[in-house]
There are 2 protein chains.
Amino acid sequence: MADKREHILVAAEDLFAEKGFDGTSVRDIAQQAGVNLAMISYYFGSKEKLLESLLEFRAGYAYGILEELNKDESLSPWDKIDRLVDFYVDRILNNLRFHNIMYQESSTRSVEIRNKAKDIKLRNLEQISKIITDGQQKGLFRQVDIPLTVGTIMGTISSYTLSKFYTCAILALNEDVNDEQYRQRLSPRLKAHLRQLLRAHLDIRNDGLPMTEDRKGL
Amino acid sequence: MADKREHILVAAEDLFAEKGFDGTSVRDIAQQAGVNLAMISYYFGSKEKLLESLLEFRAGYAYGILEELNKDESLSPWDKIDRLVDFYVDRILNNLRFHNIMYQESSTRSVEIRNKAKDIKLRNLEQISKIITDGQQKGLFRQVDIPLTVGTIMGTISSYTLSKFYTCAILALNEDVNDEQYRQRLSPRLKAHLRQLLRAHLDIRNDGLPMTEDRKGL
DNA sequence: GTTTAATTCAAACGTTTGTTTAATTTTGTG
DNA sequence: CACAAAATTAAACAAACGTTTGAATTAAAC
């Protein structure tokens, strides 16, 4: 039973991410999961409740990782930022499906779903906040807008995972490249960019720079 | 005639952005536009072609602004970055509707639509690239990954415009705040964050920093 | 004013949608 | 084995979907 339920969740995850929630029919899901159409109502009640269950099903994972990362006292705040970047790039690239649902699809749905998505994001934000404030207390990081900084990380990755056509053009890749190659080209570039970006953004030494014109000529 | 066509486009823009492409019926659009259902097929051929026309209808605007900004020789590269941030934050916040379609919705549609969206983004990227390379040639900006930097700008804004529930929680706003207040709270914060972020990210003086551990003691 | 073309409309088209039904099979328990 | 509960099924449901039709109306051209 738990087996079938999970089959349905995985199938739904793939299809929702590929064709959107409205673009996916419960018949598509049933077929991909290899179960009868009626099983979806039987297990989940409705298509919307299926999406809700899907959010719960996947939500715990990222939080667990972030919690562990926070507890690890052998890592400096800078190390943690690097790990954070690696984790999110890898995770989003390998779970494009779920991430698309979580970060775009769920915002146009029922109140229950929007609230669930909100709570998951807030819980994750909480963990990342701890990493940054820790770096600030240790005198390594400067004062930044933490929630927006998190938005920058997620948003940068999303902007390159949401539309393969555009990304392929940027990477000078053929549009029908296989997913594995696609990830292998995009991943290091995203990580390098985010690391460079966050180092400059967070470094305490870059604080208060009155900025430029110290190089008047042209 | 051009009048009705435009009415339909505007109605479609609002509804697509609010409920997604699949979530919006042509009947919804016809009603909101105050035209007969059949007029949509009459003018546009199909619902997908309507989306295509919508992209064309709105695409030119941003490009024109960016082109002008580039030509203006009275502005320093830093000024241009500031203007760029202001422009995109304002534009996206005031055209949430269109932006959502352009940057998320169109990626799951037909080849024609995905290509059209891609071309529009590439043309805009081209203009922003000029601003940054100009700053580099003038010795103000360091070497950065330009396309990903543009992705960071767009992505940061998107991550806070795609889900109002989450954003309201961050801004400590009531969820049913009116759109005007919502914008007025979000806009300055986004602008300040992006300006701070890009100053650190682009500043030539922040280049090559071997980073931290120059402050060993905790 | 007549004729031709462009526009608008209500109605209906055939599909597809999410969900329910009621009968059947499988499973677990005493 | 028997019996009750759970799981599974094919079929049917009404509702909504995008699109087409063909007649009615308006506008333009001569």
Pick base, sugar-phosphate or nothing for A:Ser25, based on heavy-atom distances below 4.0 Å to the nucleic acid. sugar-phosphate
Whole angstrom is fine here: how far is it from CD1 in A:Ile8 over to P in C:dG18? 14 Å
For D:dA7, does OP1 or OP2 lie under 4.0 Å from any side-chain N or O of A:Asn36? no
When you measure from the side-chain N and O atoms of A:Lys47 to the phosphate of C:dT17, is any distance below 4.0 Å, counting only OP1 and OP2? no
side-chain N/O B:Tyr42 vs D:dT19 OP1/OP2, d < 4.0 Å: no
Take the protein atom NZ of A:Lys49 and the nucleotide atom P of C:dG18, then report the distance between them rounded to whole Å. 16 Å
Can you check the A:Phe44 CZ to C:dT20 P distance for me, whole Å? 15 Å
Starting the side chain at C-beta, find the nucleotide from C:dG18, D:dT19, C:dC9 nearest to B:Ser41. D:dT19
A:Asp145 pairs by salt bridge (Lys or Arg N to Asp or Glu O under 4.0 Å) with which of B:Arg189, B:Arg195, B:Lys191? B:Arg189
Atom CZ of B:Arg27 and atom C1' of C:dA11: how far apart are they, to the nearest Å? 11 Å
Separation between CD1 (B:Ile101) and CZ (B:Phe21), nearest 0.5 Å, reads 10.0 Å
Quickly work out the B:Ile40 CD1 to D:dG18 P distance and round it to whole Å. 9 Å
B:Asp22 CG to C:dG18 P, straight-line distance once rounded to whole Å: 11 Å
Base-pairing assignment for D:dA15 (Watson-Crick or G-U wobble, both under 3.5 Å): C:dT16
Would B:Arg109 and B:Asp22 pass as an ion pair if we require N to O under 4.0 Å? yes
Where do A:Pro147 and A:Leu125 come nearest, in terms of heavy atoms and distance? CA-CD1, 3.9 Å
Using a heavy-atom cut-off of under 4.0 Å over every strand shown, decide if A:Leu37 touches base, sugar-phosphate, or nothing. base
Starting at OH of A:Tyr43 and ending at C1' of C:dT19, how long is that distance when rounded to a whole Å? 18 Å
Of the listed C:dT19, D:dC17, C:dT8, the closest approach to the B:Lys4 side chain comes from C:dT8
Quick one: do B:Lys164 and B:Glu175 make a salt bridge, cutoff under 4.0 Å? no
Calculate the interatomic distance between A:Gln31 atom CD and D:dA10 atom P; express it in whole Å. 13 Å
Across all strands, who's sitting opposite D:dA29 as a Watson-Crick or G-U wobble pair, both distances under 3.5 Å? C:dT2
Ranking A:Gly45 and A:Asp28 by the position along DNA chain C of their nearest nucleotide, the one closer to 5' is A:Asp28
